[in-house]
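Note sheet for the following structure.
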Amino acid sequence: MLSYWSKPQEVVDIPPAPAGFMWPYECEQWRKEQLKGLSHEDVFELRARLDELDQEKGHIVANAWLVEVVERYQLLSKISVMRPYVQKEAERIAKRSREDSIEWLRGVVARLRFCDKMISELDGAELSKWAETKRYEFESGMYGLLVNEGRAAVLKWVEVHLKEVGVSFRDWDDEDKVVAMIARMITPEWWARQAKKQWRVVESILRECGEVHNGASPYLSKWGLNKFRKQQKANAEFLKGWEAVNQNDEAFTLEDLSSRGVSNPFIRRGELMARVRGTEELAVEMGHVGYFLTLTCPSKYHAVRKNGRRVGKFYKAKCPDPRRGQTHLCNVFKRIRSKCKRDGVHFYGVRVVEPHHDATPHWHMMVFGEAAQLKTFLAIFKHYALQEDGHEKGAEEKRYDIKYMDPAQGTAAGYMAKYICKSVDGEHIEKDIETGRNASDMSESITGWARRFGIRQFQFFGGVSVSVWRELRKIKKDVGAVIKPIHEAADKGRWKDFTKLMGGVFAGRNQTLKLHYSEEEENQYGELVSSIKGVARGVDVYVTRFYDWTIQRVGSGSESSSLKNGGAVPWTRVNNCTGPSFGLGNQRTGSGGGGANVSTG
């Protein structure tokens, strides 16, 4: 009798093989092919289970099992450092649905544009070295194709590399924009930025794996918080080691300059509170009323409940990250504003964005206007807050909240103060209500969350330009009688007076002063750009930026101020070099080199 392990013979009376049948040598070759590329640990684990199934149920059942599980191992093998978190989550999802588990795993691998080691671990010099290698490989390969195959091959090369890093580029018919993109891609800084964008993907995947919630790490994963701290430390060291020097040989460390601006949390919090107070004072003077509103996302944007349980709708919605949640809220508010504009409803105020414990964004808003108009506004607000998934359980109670700001019970600024402080540095607050933890510690996580996902934390709507306010505060000399009252109001931090003098909260584009920009000039990528030079009232221009600045290492002096020596870097958008066209035609663009300085304040 011919057994399975017998060598096949040319015998006519052998019965037909059942479906899935293979001879031993065929079976072994097939299994080797399936296990190719997996780690030794994974191969050992799978081989052990295959041997068990061979003995218990035969090779056909064993091979069927391998077909079922091997893709999961193949996908996990591409993840390395994050594998423990991803594997645990994949197994959790598989208990409900194997298909959902595999689909989620495929999505994880597709989103990780580079190897997991690089995007999650490299920093500083290692990241710079990686970026320089990528730049060199891209540039050398591109010029090789240009010489040997021509323009079409260069464009294909660019397209493939853009797709690799997940950059969407649609202007292939605009030669200038194509050349500008290539000019960026031959710099290591561009590649480093693409790598850092992947950190957002890593954080999102960790959130999907249950690493971001009140019972684990609120607002930001432990990995994300550690990455943020490293970045803050590196930024601080950079600011200490570099200085800005103007044409008068006046030098200031970047650390000193940073401490004088709104990047300083103390100054940032002070300016925000001054503007909130000023807005409230103006509302009182105009006889307007105010409401404190909260707006949050539908349940499908939330990953984890407060009790630690997962939200099923989150996975059905393809795991929207916090940035998608913020986009949803922005779109809701855009519809509200559009409807109000059509109906002639006017309002103004400020909003603060902060995360729920699981990193899902929500808004707190302070809104002012005439009582009758705000009644209409609130109806519009409720309608659009519930427009998406408005019939789901709990939507009416949790999607929005409306509170009348009664002056007898406290100022509007008092309503906003705790949210501003919590989102800046945690000062003046002992405990974070959302998590019950130390407010200062949670403020660090909130700031890291906003930076990681590129979310603007504070925004005023209605009112007048804060950029004009900041430009006027740069002027420390007499400006003449025409704009002196506005300058004094800005310089003294009187936002109410500044707003009135600028035309009031509903001035819009008709405000008294506007920003004044320089003439358009080519930057180092061949693009026409302009920069702020001051403020203007009609044809009258008031320059606020008088200096040309050069950035150099502290103590390098004029002796090593050349780019070649790595000493000084012009703080500029302008490049006087005529760079290569990359085989795409005549184009004035440069990939580096010297540049002409622009005036800044």
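Values reported hereafter were calculated over all heavy atoms of this structure, with side chains retained and with hydrogens, waters and symmetry mates removed.
A donor-acceptor contact shorter than 3.5 Å links the side chain of Asp174 to the backbone of Asp176. Side-chain atoms of Lys514 come within 3.5 Å of backbone N or O of Arg509 as a donor-acceptor pair. The closest donor-acceptor contact from the side chain of Glu370 to the backbone of Ala372 lies at 3.5 Å or more, if one exists at all. A side-chain donor-acceptor contact under 3.5 Å links Gln373 to the backbone of Gly344. Judged by distance alone, with hydrogens and angles left aside, the side-chain atoms of Asn246 form a donor-acceptor pair with the main-chain N or O of Glu250 at under 3.5 Å. Between the side chain of Gln247 and the backbone N or O of Trp549 there is no donor-acceptor pair closer than 3.5 Å. A donor-acceptor distance shorter than 3.5 angstrom exists from the side chain of Ser338 to the backbone of Lys334, with no hydrogens or angles considered. The backbone N or O of Arg324 sits less than 3.5 Å from a side-chain atom of Asp321, completing a donor-acceptor pair.
No more than 12 heavy atoms of other residues, nucleotides or ligands shown are found within 6.0 angstrom of CD on Glu519. Residue-environment remark: NZ (Lys341) stays at or below the threshold of 12 foreign heavy atoms within 6.0 Å. No more than 12 heavy atoms of other residues, nucleotides or ligands lie within 6.0 Å of CZ in Arg170, so this atom counts as exposed by the packing criterion. In the displayed structure, Glu430 atom CD is contacted under 6.0 Å by at most 12 heavy atoms of other residues, nucleotides or ligands.
Annotation: side chain of Gln326 is not in contact with side chain of Arg323 (no heavy-atom distance under 4.5 Å). Proximity of Gln194 to Gln198: side-chain heavy atoms (C-beta onward) are nowhere separated by under 4.5 Å. Using a 4.5 Å heavy-atom cutoff, the side chains of Phe377 and Ile336 are in contact. In this structure, the side chains of Gln457 and Arg268 come closer than 4.5 Å at one or more pairs of heavy atoms. A heavy-atom distance below 4.5 Å is not found between the side chains of Arg351 and Leu293. Contact of the Val529 side chain with the Glu520 side chain is not registered, since no non-hydrogen atoms from C-beta on lie closer than 4.5 Å. With contacts defined as side-chain heavy-atom distances shorter than 4.5 Å, the pair Val289/Phe368 does not qualify. Side-chain contact between Phe461 and Phe347: present, with at least one pair of heavy atoms (C-beta onward) separated by less than 4.5 Å.
Arg229 has a carboxylate O that lies under 4.0 Å from a charged side-chain N of Glu444, or vice versa, which qualifies the two as a salt bridge. The existence of a salt bridge linking Glu285 and Lys500 is confirmed by a sub-4.0 Å separation between a basic side-chain nitrogen and an acidic carboxylate oxygen. With respect to Arg470 and Glu271, a salt bridge is recorded, a charged nitrogen being found less than 4.0 Å from a carboxylate O. Contact check on Asp256 versus Arg260 returns a salt bridge, with a Lys/Arg side-chain nitrogen under 4.0 Å from an Asp/Glu carboxylate oxygen.
Closest approach of Lys422 to Ile429, counting heavy atoms only: N-CD1, 3.5 Å. Closest approach of Ser204 to Phe453, counting heavy atoms only: OG-CE2, 3.4 Å. When all heavy atoms are compared, the tightest approach of Ile483 to Val479 is CG1-CG2, 3.7 Å. Of all heavy-atom pairs spanning Ala385 and Leu295, the tightest one is CB-CD1, 3.7 Å. Closest approach of Leu501 and Ala489 over heavy atoms only: CD1-CB, 4.3 Å. Shortest non-hydrogen contact noted between Leu374 and Gly369 is CD1-N, 3.5 Å.
Ring centroid separation for the pair Phe292 and His364 comes in under the 6.0 Å cut-off. Ring pair Phe228/Trp449: centre-to-centre distance not below 6.0 Å.
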Is there a side chain to side chain contact (heavy atoms under 4.5 Å, CB included) between Ile420 and Val276? Walk through the geometry before answering.
CA-CA 10 Å; Ile420 290 174; Val276 169; 3.9 Å; yes
Take Phe498 and Arg494 through the side chain to side chain contact (heavy atoms under 4.5 Å, CB included) test and state the conclusion after the steps.
CA-CA 6 Å; Phe498 174 77; Arg494 301 196 304 265; 6.0 Å; no
For Asp441 and Arg437: C-alpha separation, side-chain torsions, deciding distance, then whether salt bridge (charged side-chain N to carboxylate O under 4.0 Å, His left out) applies.
CA-CA 8 Å; Asp441 293 340; Arg437 306 190 187 196; over 6 Å; no
Val352/Ser423 under side chain to side chain contact (heavy atoms under 4.5 Å, CB included): CA gap, chis, key distance, verdict
CA-CA 8 Å; Val352 178; Ser423 297; 4.0 Å; yes
Step by step, work out the side chain to side chain contact (heavy atoms under 4.5 Å, CB included) result for Lys300 and Glu388.
CA-CA 11 Å; Lys300 65 187 178 186; Glu388 185 174 327; 2.8 Å; yes
Output, in order, the C-alpha distance, side-chain angles, deciding distance and verdict of salt bridge (charged side-chain N to carboxylate O under 4.0 Å, His left out) for Arg305 and Asp358.
CA-CA 8 Å; Arg305 295 185 177 89; Asp358 70 336; over 6 Å; no
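How far OG1 of Thr550 is from CG of Asp249: 10.0 Å, rounded to the nearest 0.5 Å. Distance check: Glu281 CD to Asp497 CG gives 8.5 Å after rounding to the nearest 0.5 Å. Atom NZ of Lys484 sits about 13.0 Å away from atom CD1 of Ile475, to the nearest 0.5 Å. Here OH of Tyr219 is found 13.0 Å from CG of Leu225. Values are rounded to the nearest 0.5 Å. Here the CD atom belonging to Glu471 is positioned 5.0 Å from the CD1 atom belonging to Ile532, to the nearest 0.5 angstrom. Atoms CG and CD, from Asn214 and Glu434 in turn, are 7.0 Å apart once rounded to the nearest 0.5 Å.
The cationic atom of Arg275 (NZ for Lys, CZ for Arg) lies less than 6.0 Å from the six-membered ring centre of Trp495 and within 45° of the ring axis.
Between His346 and Phe506, the two ring planes are tilted [angle within 30° to 60°].
Under the 3.5 Å distance criterion, with hydrogens and angles disregarded, no donor-acceptor pair is assigned to the side chains of Glu211 and Ser217. With no hydrogens or angles considered, no side-chain donor-acceptor pair links Ser530 and Glu521 at under 3.5 Å. Side-chain atoms of Glu243 and Gln552 form a donor-acceptor pair, as typed in the model, at a separation below 3.5 Å. Side chain to side chain, Trp363 and Gln459 fail the donor-acceptor criterion of an N or O pair below 3.5 Å.
For the side-chain contact (heavy atoms from CB on, under 4.5 Å) with Tyr301, the qualifying choice from His328, His356, His362 is His328, the only one to do so.
His288 pairs by the ring-ring contact (aromatic ring centres under 6.0 Å, His included) definition with Tyr348, not counting sequence neighbours.
Judged as a ring-ring contact (aromatic ring centres under 6.0 Å, His included), not a single pair has a partner in residues 254-287 (not counting sequence neighbours).
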Below 3.5 Å, can you tabulate the donor-acceptor pairs from side chains in residues 231-241 to any protein atom, sequence neighbours excluded?
unit_1, atom_1, unit_2, atom_2, d
Gln231, OE1, Arg452, NH2, 3.2
Gln232, OE1, Arg451, NH1, 3.4
Asn235, ND2, Gln231, O, 3.3

